[in-house]
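So the structure is just underneath, and the comments pick up after that.
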Amino acid sequence: MTKYVFVTGGVVSGLGKGITASSIALLLKSRGYKVFMQKFDPYINVDPGTMNPIQHGEVFVTYDGHETDLDLGHYERFIDEELNFTSNITSGKIYKAVIDKERHGDYLGATVQMVPHVTNEIKNKVYEAGVTSGADIVITEIGGTVGDIESQSFIEALRQIQYEKGSNNTFFVHCTLVPYIYGSNELKTKPTQNSVRDLRNMGIKPDALVCRAPYDTGEAIKNKLSLFCSVPVSNVIDSIDVKNIYEIPINYYKQKIDEIILKQFDLPIKKANLDYWKDLINTVNNLKEEIEISLVGKYVELHDAYISVVESLKHAGYKYNIKININWVDSESLESTNNLKEVFKNSKGIIVPGGFGSRGIEGKIKAIKYARENDIPFLGICLGMQLAVIEFARNVCGIKDASSTEFNQTCENPIIDLMSDQKSIVNMGGTLRLGNYECTIKKDTLAYKDYKQEKILERHRHRYEFNNKYKELLEKKGMVFSGINEKANLVEIIEIPNLKHFIACQFHPEFKSRPTRPAPLFDSFIKASCGK
Ligand code: GLN
């Protein structure tokens with residue numbers, strides 16, 4: 001029978017609830033349990049796919065083609081498990097399912113209400129995660145802060161689960177803030193007391209508190225929190241500020257959070273295997289050199305818009321003992337600059353990640369041209385690959401008006417064009433080419449050297465594709481199409497072999513990178529950039 005851990009948040013947002021949930025999952029996995037993770041987002045969008053990256057950050061794509069909250073990326077990187085369609089549930093998804101059922105007549109004439117119809121739908125999503133993953137323990141993070149209007153139906157559903165499944169099968173972790181007040185020079189417990197009271201008002205009794213504080217709260221504070229919040233003192237866990245987020249699971253391990261959960265679940269406490277994680281912490285804390293990589297994009301004002309790309313660069317850096325410093329380059333402002341040498345003067349590599357729409361694309365093309373002409377290691381991802389091909393067509397093959405129909409619908413030379421099965425689509429949400437598709441890699445190419453195998457699976461999120469009509473011409477001028485999706489005859493990877501390191505892919509390798517196992521294309525890009 002699946003067991004459920006729920007992680008709620010109180011007082012303020014941004015306490016690191018996602019990292020707490022992932023750390024708990026990592027510790028339980030390290031003790032031999034199969035874990036799975038899920039996030040509830042109370043907003044009304046069905047998924048974050050149509051949200052502006054500058055507002056909401058990156059859209060993380062699961063292998064089965066779902067566009068999800070960027071927290072799922074943190075989860076996958078921490079627990080090294082692939083998540084799926086049950087992993088990101090929004091209010092929009094729940095309401096849509098309920099209304100679709102109502103229109104279909106599934107409620108047999110009943111008046112459709114928040115309780116039980118909406119809450120049943122939410123509960124089903126929790127149980128579905130357990131069934132489809134086959135996990136021993138599902139860890140669910142509830143987005144937002146307890147007391148928010150939007151999350152009330154989720155909290156009510158969890159109350160019902162706590163009642164139905166009992167405390168042997170459910171465990172509630174409540175993350176709160178214990179602030180330090182200057183002047184009186186002490187830590188304060190009142191915000192936590194109030195937040196736990198809010199939770200109890202909604203019928204949920206927390207089993208553990210995770211208290212974000214600037215330093216260890218100490219015995220007196222823990223005793224006070226225990227008394228006022230009816231939580232055993234051993235279950236009041238400190239979450240102190242750390243330099244390196246990978247230390248957080250180890251901090252919780254020392255406070256036995258995993259043992260406390262397993263005891264409540266009546267599950268055996270098997271030996272934890274955390275050596276690999278401790279090695280990672282050691283590596284990250286002792287990186288020997290540093291290099292700068294330029295990331296050229298139009299969403300650079302919110303670094304979270306590129307979070308998986310940045311994490312993947314770091315992962316590859318860990319492998320080569322190198323700290324990666326990002327030079328954030330706004331592609332739009334690059335359009336009016338002629339001194340690219342100045343912009344890229346300290347950079348050992350240039351990366352152009354994914355993006356949508358025409359704003360800033362000429363700036364990205366300029367950066368790609370600069371990388372190609374100066375033989376600077378280059379990695380292009382999705383839009384980055386499309387623009388690398390356009391740049392090559394324009395400046396090497398002489399097709400001056402080469403473009404994509406995404407930016408210019410009537411262009412004469414659509415090097416990048418809409419996929420034929422996309423032409424009739426009107427709805428924007430969930431209709432891109434999404435998730436895992438196979439790519440066949442040509443032998444004796446850089447891509448083959450990176451992946452060391454012929455068939456790979458990578459995650460996608462795009463609507464446009466390389467137009468095969470131009471393939472022969474580009475090949476003649478020295479571009480190699482080293483990865484192809486054979487089923488649909490779509491270009492997946494391109495490279496220019498007469499340069500040191502110039503490669504780009506239509507898929508998103510950043511979604512599969514792990515701190516202890518960098519994605520092959522990031523690995524080789526950083527290797528080339530640091531000259532190893
Ligand atoms: N805008 C491009 C497309 O839809 C690239 C998408 C991306 O970079 N994720 O094909």
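Worth saying up front: this structure is predicted, and the values here are computed from it rather than measured. Residue numbers run from 1 in the order of the sequence given. Only heavy atoms go into these numbers, but all of them, side chains included; no hydrogens, no water, no symmetry mates.
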List the steps, then state whether salt bridge (charged side-chain N to carboxylate O under 4.0 Å, His left out) holds for K39 with D41.
-> CA-CA 6 Å; K39 173 152 195 223; D41 276 311; 3.1 Å; yes
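- In this structure, R433 forms a cation-pi arrangement with Y437, its terminal cationic atom sitting closer than 6.0 Å to the ring centre and no more than 45° off the ring axis.
- In this structure, Y127 has its ring center closer than 6.0 angstrom to the ring center of Y4.
- No close placement of the H74 and F60 rings is indicated, their centers lying 6.0 Å or farther apart.
- A salt bridge between R463 and E406 is absent, with no side-chain N of the basic residue lying under 4.0 Å from a carboxylate O of the acidic one.
- Distance alone, capped at 3.5 Å, is enough to place a donor-acceptor pair between the D238 side chain and the T217 backbone.
- Remark: side-chain polar atoms of H174 are not paired, donor with acceptor, to backbone N or O of F172 under 3.5 angstrom.
- With respect to R459 and E82, a salt bridge is recorded, a charged nitrogen being found less than 4.0 Å from a carboxylate O.
- Look at K93 and D47 and you find no salt bridge, because none of the NZ, NE, NH1 or NH2 atoms lies under 4.0 Å from a carboxylate O.
- No hydrogens or angles considered: a donor-acceptor pair under 3.5 Å links the side chains of E58 and S308.
- Between D136 and K34, none of the side-chain N atoms (NZ, or NE/NH1/NH2) sits under 4.0 Å from a carboxylate O, so this pair counts as no salt bridge.
- Two rings, from Y107 and H117, have their centers less than 6.0 Å apart.
- In summary, the side chains of Q38 and T140 do present a donor paired with an acceptor at a separation below 3.5 Å, with no hydrogens or angles considered.
- Looking at E164 and K123, a side-chain N of the basic residue comes within less than 4.0 Å of a carboxylate O on the acidic one, giving a salt bridge.
- Separation of the W277 and F78 ring centroids falls under the 6.0 Å cut-off.
- In this structure, the side chain of D216 does not engage the main chain of G218 through any donor-acceptor pair within 3.5 Å.
- Taking the charged nitrogens against the carboxylate oxygens, E259 and R31 do have a contact shorter than 4.0 Å, which makes a salt bridge.
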Test T516 against Y318 for side-chain hydrogen bond (donor to acceptor under 3.5 Å, both in side chains), laying out the working first.
-> CA-CA 8 Å; T516 52; Y318 302 154; over 6 Å; no
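- Under 4.0 Å is where a charged nitrogen must lie from a carboxylate oxygen, and between K319 and D523 at least one such pair does.
- Under the 4.0 Å criterion applied to side-chain N and carboxylate O atoms, K314 and E311 are assigned as salt-bridge partners.
- Side-chain contact of N124 with N120: a donor-acceptor pair under 3.5 Å is absent, judged by distance alone.
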